Amino acid sequence: MIERLKNRVFLAPMAGVADRAYREIAAEFGAGLVFTEMVSAKGLYYNDKKTEALLTAGDCSCPVSAQIFGHEPEIIAKVISRVKNYGATFADINAGCPTPKIVSNGDGAALMKNPELFGEIVKSAVKNAGCEVSVKIRKGWNDESVNAVEIAKIAEKNGAAMITVHGRTVAQQYSGKADWDIIKKVVEGVNIPVVGNGDIFCADDAVRMIEKTGCAAVMLGRGTLGNPWLIRDTVCALGGEKIPPPASFDEKISLALRHIGLIIKYKGEYVGVREARKHAMWYVKGVRGSSAVKNLLSKAQSFDEMKNILTSL
Ligand SMILES: Cc1cc2nc3c(=O)[nH]c(=O)nc-3n(C[C@H](O)[C@H](O)[C@H](O)COP(=O)(O)O)c2cc1C
């Protein structure tokens with residue numbers, strides 16, 4: 001899997017964020033691999049149109065990995081081969097989502113509490129996918145139940161081609177600091193490539209994570225919000241190239257508008273504008289005068305209105 005990619009800088013799966021428009025922009029900024037938002041195996045099984053739309057890879061200029069969540073090996077076995085039909089090159093199993101609605105259903109990070117079932121899921125996914133399958137996990141359930149190494153070994157034994165480790169427990173959600181030591185322990189515990197994830201907010205963080213953990217690749221999530229330049233900078237830093245100057249104000253506004261336009265292109269203006277509001281706010285975060293326009297952006301109804309607000313800054 002990893003040998004086929006142009007670099008070791010990946011965009012994280014992010015529900016409600018890493019949609020087709022976001023992934024295309026991440027790819028344009030140099031990501032070696034991008035992940036879809038998590039999609040429900042059951043939704044695919046029942047041919048739910050919204051689930052299918054989440055998977056559509058579109059014109060991404062780098063490979064796309066389709067992330068699936070579920071807890072029934074036989075359903076996963078039935079749907080996993082379909083990810084290729086939506087343009088994905090790889091499939092990824094979500095065993096790290098901590099959202100109560102997901103884990104209470106036995107999905108996402110709940111799989112880390114059930115290693116046997118997790119193993120069966122990976123096995124049936126690998127057997128039926130018709131493409132390489134990776135897995136994304138967390139450090140463990142809580143500080144008393146840190147089992148990332150055990151779970152990673154099960155993933156490897158059942159044929160996973162790669163494993164991403166987010167160095168937080170489920171109990172932590174997104175609080176505190178990601179534990180990079182656990183990433184190192186997983187790297188030492190398995191022979192498949194390990195992707196390090198958690199708290200990379202500048203290119204130097206990625207360099208430090210690789211030095212500290214020996215991970216084969218890095219996955220960037222929140223650091224890219226309104227800042228896809230982080231992907232470009234990380235690719236440069238890992239490739240030994242000089243990091244370009246930070247994005248200017250004009251570049252930020254111009255990319256924000258292009259990004260909003262892409263969201264609208266794929267989702268229509270009504271849904272697109274509503275989903276684009278948060279992205280617009282992320283792009284102008286920290287820009288002088290941006291707090292004053294946040295309220296206006298949060299109520300904008302059309303592309304033109306968003307454009308007027310952003311260009312008035
Ligand atoms: C808004 C949001 C949505 C997320 N959705 C998913 C998801 O669908 N699947 C998944 O495996 N992780 C999801 N995550 C977790 C990220 O992939 C990543 O593991 C986490 O944010 C830590 O990386 P970071 O510190 O670089 O943000 C999500 C995170 C955020 C902030």
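Note that the structure is a prediction, hence the values are computed from the model and not measured. Each ligand, and each atom within it, is numbered from 1 in the order the structure gives.
The environment of NZ in Lys42 is sparse: at most 12 heavy-atom neighbours from other residues, nucleotides or ligands sit within 6.0 Å. By the 6.0 Å contact criterion, NZ on Lys6 is enclosed, its count of non-hydrogen atoms from other residues, nucleotides or ligands being greater than 12. The local environment of NZ in Lys267 is crowded, with over 12 non-hydrogen atoms from other residues, nucleotides or ligands closer than 6.0 Å.
Between Val17 and ligand 1, no pair of N/O atoms sits closer than 3.5 Å. At least one N or O atom of Pro13, backbone or side chain, sits closer than 3.5 Å to an N or O atom of ligand 1. Below 3.5 Å of separation, one finds an N or O of Ala15 facing an N or O of ligand 1. Taking distance alone, with nitrogen or oxygen atoms compared against 3.5 Å, Asp199 approaches ligand 1 more closely than that limit. Considering backbone and side-chain N/O atoms, Gln67 comes within less than 3.5 Å of an N/O atom of ligand 1.
Stacking of Arg138 on the aromatic ring of Tyr174 is recorded, both the 6.0 Å distance cut-off and the 45° axial limit being met.
Residues Glu24 and Tyr266 bring a donor and an acceptor atom of their side chains to less than 3.5 Å of each other. In this model, a donor atom of one side chain and an acceptor atom of the other lie less than 3.5 Å apart for Tyr22 and Thr224.
If you look at His166 next to ligand 1, the close heavy atoms, those under 4.0 Å, all belong to the side chain. Residue Phe35 does not touch ligand 1, judged by heavy-atom distances below 4.0 Å. At a 4.0 Å heavy-atom cut-off, ligand 1 touches Met38 through backbone and side chain alike.
Ala148 and Ile137 get closest at one heavy-atom pair: O-CD1, 3.6 Å.
Counting only heavy atoms from C-beta outward, the side chains of Asn94 and Leu111 never approach each other to under 4.5 Å. Contact of the Asp199 side chain with the Arg222 side chain is registered, since non-hydrogen atoms from C-beta on lie closer than 4.5 Å. Using a 4.5 Å heavy-atom threshold, the side chains of Ile154 and Glu150 count as touching.
The atoms of ligand 1 that sit less than 4.0 Å from any heavy atom of Gly198 are 23 (O), 25 (O). Atoms of ligand 1 found under 4.0 Å from any heavy atom of Ala12, numbered from 1 in the order shown, are 17 (O).
What sits closest to atom 29 (C) of ligand 1 on the protein, heavy atoms only, is Tyr174 OH, 3.2 Å. Closest to atom 12 (N) of ligand 1 among all protein heavy atoms lies Lys136 NZ, 3.0 Å. For atom 23 (O) of ligand 1, the nearest non-hydrogen atom of the protein is Asn197 ND2, 3.0 Å. Atom 26 (O) of ligand 1 has Gly221 N, 2.9 Å as its closest protein atom, hydrogens excluded (heavy atom only). Scanning all protein heavy atoms for the shortest distance to atom 31 (C) of ligand 1 gives Arg222 CG, 3.5 Å.
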